[in-house]
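Here the structure is laid out as structure tokens; the discussion comes afterwards.
Each chain gets a letter, A, B and so on, in the order its sequence line appears, and its residues count up from 1. Scope of the values below: all heavy atoms of this structure, side chains included, with no hydrogens, waters or symmetry mates. These figures come from a predicted structure and were not determined experimentally.
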Protein chains: 2
Amino acid sequence: MNVLWLYAHPEARSLNGALRRTGIETLAELGHEVRESDLYAMRWNPVVDSADFTDHAPGERLVVGAAAKHAYETDTLSADVRGELDKLAWADAIVIQFPLWWYGMPAILKGWFDRVFVKGLAYGIRHPELPGRTLRYGEGMLAGKRAMVVLSAGSGGSAFGPRGINGQLDQALFPLLHGTLWYTGMDVLPPLATYGADRVSDEQYEDASAMLRKRLAGLGTDAPLAYRSQNGGDYDDDLVLRPDHAPSESGLGVHLHR
Amino acid sequence: MNVLWLYAHPEARSLNGALRRTGIETLAELGHEVRESDLYAMRWNPVVDSADFTDHAPGERLVVGAAAKHAYETDTLSADVRGELDKLAWADAIVIQFPLWWYGMPAILKGWFDRVFVKGLAYGIRHPELPGRTLRYGEGMLAGKRAMVVLSAGSGGSAFGPRGINGQLDQALFPLLHGTLWYTGMDVLPPLATYGADRVSDEQYEDASAMLRKRLAGLGTDAPLAYRSQNGGDYDDDLVLRPDHAPSESGLGVHLHR
């Protein structure tokens with residue numbers, strides 16, 4: 001497979017830096033092709049503004065979605081965004097590695113999605129048959145690709161369990177796993193977390209490294225999270241889950257098949 | 001009250017830009033003092049790196065939490081971060097306004113929290129009495145302040161309902177509302193959303209504007225979200241909700257008192 005490794009950490013001599021090297025070596029040993037976006041090393045600009053859209057007239061009102069769609073379709077996105085789109089088109093799978101900051105991605109990585117996941121590619125694709133619906137949540141231009149999140153967290157793991165105070169991990173990551181990756185049609189593997197990241201012993205590091213190697217061995221074959229597809233019949237025309245699915249339940253968990 | 005209006009949108013001639021002006025005028029009419037952080041206008045740098053910590057020796061390994069805590073305690077954070085810390089210290093309430101991008105904040109705003117919510121202020125405060133616990137989730141240095149999120153979303157509102165495909169709004173925003181604002185001890189008001197943001201009619205705009213004015217009138221008095229405090233007895237030593245609270249339930253909803 002072709003694998004894009006998307007990475008955001010400011011210090012190479014870190015737990016994340018060590019796991020990144022292990023991960024990329026492992027993918028090569030497994031026979032995969034790897035390309036990288038090491039966002040700090042690239043000094044990636046995470047801020048969407050009119051400079052992303054080289055065709056945008058100075059002084060013209062900026063409507064981000066419309067400007068992005070026009071620029072994507074006319075190949076007038078800024079060069080750095082086009083470079084990332086090329087990598088994304090090339091990739092069969094994408095690994096997204098970061099330290100969890102305020103229960104989300106570091107800004108430099110959030111801004112990769114803000115800038116690269118443009119309208120016309122990642123959202124706003126009309127459904128060819130269902131009026132008023134778009135291709136998203138299980139369908140879309142990135143369908144067929146796989147995605148896996150690899151993160152570190154300062155907290156212990158129990159706090160990310162089903163009743164842990166930080167929120168169950170896959171639900172705390174819902175905006176990324178479901179709202180971004182699944183939204184664009186990708187198959188999303190369960191996230192891999194290393195907990196207690198500021199105090200990892202050598203033995204714990206070996207465990208984390210072994211788990212990463214194991215998960216990368218399954219990158220092409222492991223079962224993805226069983227999110228429901230938007231247009232497969234489970235949701236009504238208001239995009240609300242029909243009452244016969246997970247009846248009387250609510251919360252983010254209802255969006256997974258059980 | 002002293003109110004900090006934290007705002008992230010690249011275009012002043014937008015729905016968000018119009019609501020921002022209404023909001024700031026309303027606060028002034030109500031007799032509040034207002035300061036602003038208009039992040040796009042400020043060309044705010046959202047990327048944490050060693051330049052944030054002016055005392056950091058070149059070539060030294062960067063451990064973000066430790067470096068931030070040292071810099072905060074020795075007043076050696078970069079000038080832009082210190083400027084925001086001054087506004088935050090001054091504020092009794094903070095309004096956080098943004099368009100929802102990929103179910104989260106635009107990167108420029110996420111990076112405000114990444115850079116300004118430093119260790120020693122926003123996290124890593126040892127509990128004075130409970131060994132191994134920190135002051136967070138309802139307690140902390142920012143306790144006593146109020147926070148309200150004001151956002152726009154392209155989608156319709158039903159998709160953000162309890163069984164809507166985007167996830168229930170307060171749960172989709174859990175990393176910000178609970179994991180960031182409540183984490184630091186602030187009282188978090190229910191978020192205010194304007195849906196269908198790309199196709200708001202004049203009448204809908206009037207409704208959104210009226211709702212914003214109403215919510216700002218209650219900024220100091222409306223009931224906050226009833227999140228459970230970490231150290232109030234509801235969570236065990238592993239920070240898991242004790243079985244007598246919301247028994248047999250799981251998911252993000254259990255962290256609210258019912």
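- The closest donor-acceptor contact from the side chain of A:Asp238 to the backbone of B:Ser158 lies at 3.5 Å or more, if one exists at all.
- Considering only heavy atoms from C-beta on, B:His178 stays 4.5 Å or farther from A:Tyr103 through its side chain.
- In terms of non-hydrogen atom pairs under 4.5 Å with chain B, the most contact-rich of A:Ala8, A:Ala246, A:Ser155, A:Pro99 is A:Ala246.
- Residues A:Pro46 and B:Val47 are in side-chain contact: their nearest non-hydrogen atoms beyond the backbone lie under 4.5 Å apart.
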Problem set entry | Trace of the side-chain contact (heavy atoms from CB on, under 4.5 Å) decision for A:Phe174 with B:Leu252 | CA-CA 11 Å; A:Phe174 196 77; B:Leu252 303 183; over 6 Å; no
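- Within the model, atoms CD of B:Gln171 and CD of A:Gln171 stand 6.5 Å from one another, a figure rounded to the nearest 0.5 Å.
- If you measure heavy-atom distances from A:Tyr227 to chain B, you find no contacts under 4.5 Å at all.
- Here the OH-CG distance, from B:Tyr183 to A:Asn166, works out to 7.5 Å after rounding to the nearest 0.5 Å.
- Closest of all the heavy-atom pairs between B:Ala107 and A:Asp114 is N-OD2, 2.9 Å.
- Between A:Pro162 and B:Ser250, the shortest heavy-atom distance links the atoms O-CB, 3.5 Å.
- Considering all non-hydrogen atoms of both residues, A:Val48 and B:Tyr40 come closest at O-OH, 2.6 Å.
- The CG atom of B:Asn45 sits 9.0 Å away from the CD1 atom of A:Ile108 when rounded to the nearest 0.5 Å.
- Between chain A and the options B:Ala12, B:Ala66, B:Gly59, B:Gly157, the largest number of non-hydrogen pairs under 4.5 Å is found for B:Gly59.
- A donor-acceptor distance shorter than 3.5 angstrom exists from the side chain of B:Lys110 to the backbone of A:Trp101, with no hydrogens or angles considered.
- Comparing A:Phe117, A:Phe113, A:Trp44 by how many heavy-atom pairs each has under 4.5 Å with chain B, the most go to A:Phe117.
- Between B:Tyr123 and A:Trp102, the ring planes lie perpendicular to each other; the angle is over 60°, past the 30° to 60° tilted range.
- When the candidates A:Arg242, A:Arg115, A:Arg228, A:Glu249 are compared by the number of heavy-atom contacts under 4.5 Å with chain B, A:Glu249 comes out ahead.
- In this structure, chain B has a heavy atom under 4.5 Å from the side chain of A:Arg136, while its backbone stays farther away.
- Listed here is the closest heavy atom pair of B:Arg13 and A:Arg61: O-NE, 2.6 Å.
- In terms of heavy atoms, B:Arg163 sits closest to A:His245 at NH2-O, 2.7 Å.
- Interface remark: A:Thr184 contributes side-chain atoms only to the contact with chain B (heavy atom separation under 4.5 Å).
- For the atom pair B:Glu11 CD and A:Ser50 OG, the distance stands at 8.5 Å (nearest 0.5 Å).
- Contacts between A:Ala122 and chain B at a heavy-atom distance below 4.5 Å involve backbone atoms as well as side-chain atoms.
- Nearest heavy atoms, A:Ile165 versus B:His255: CA-CE1, 3.6 Å.
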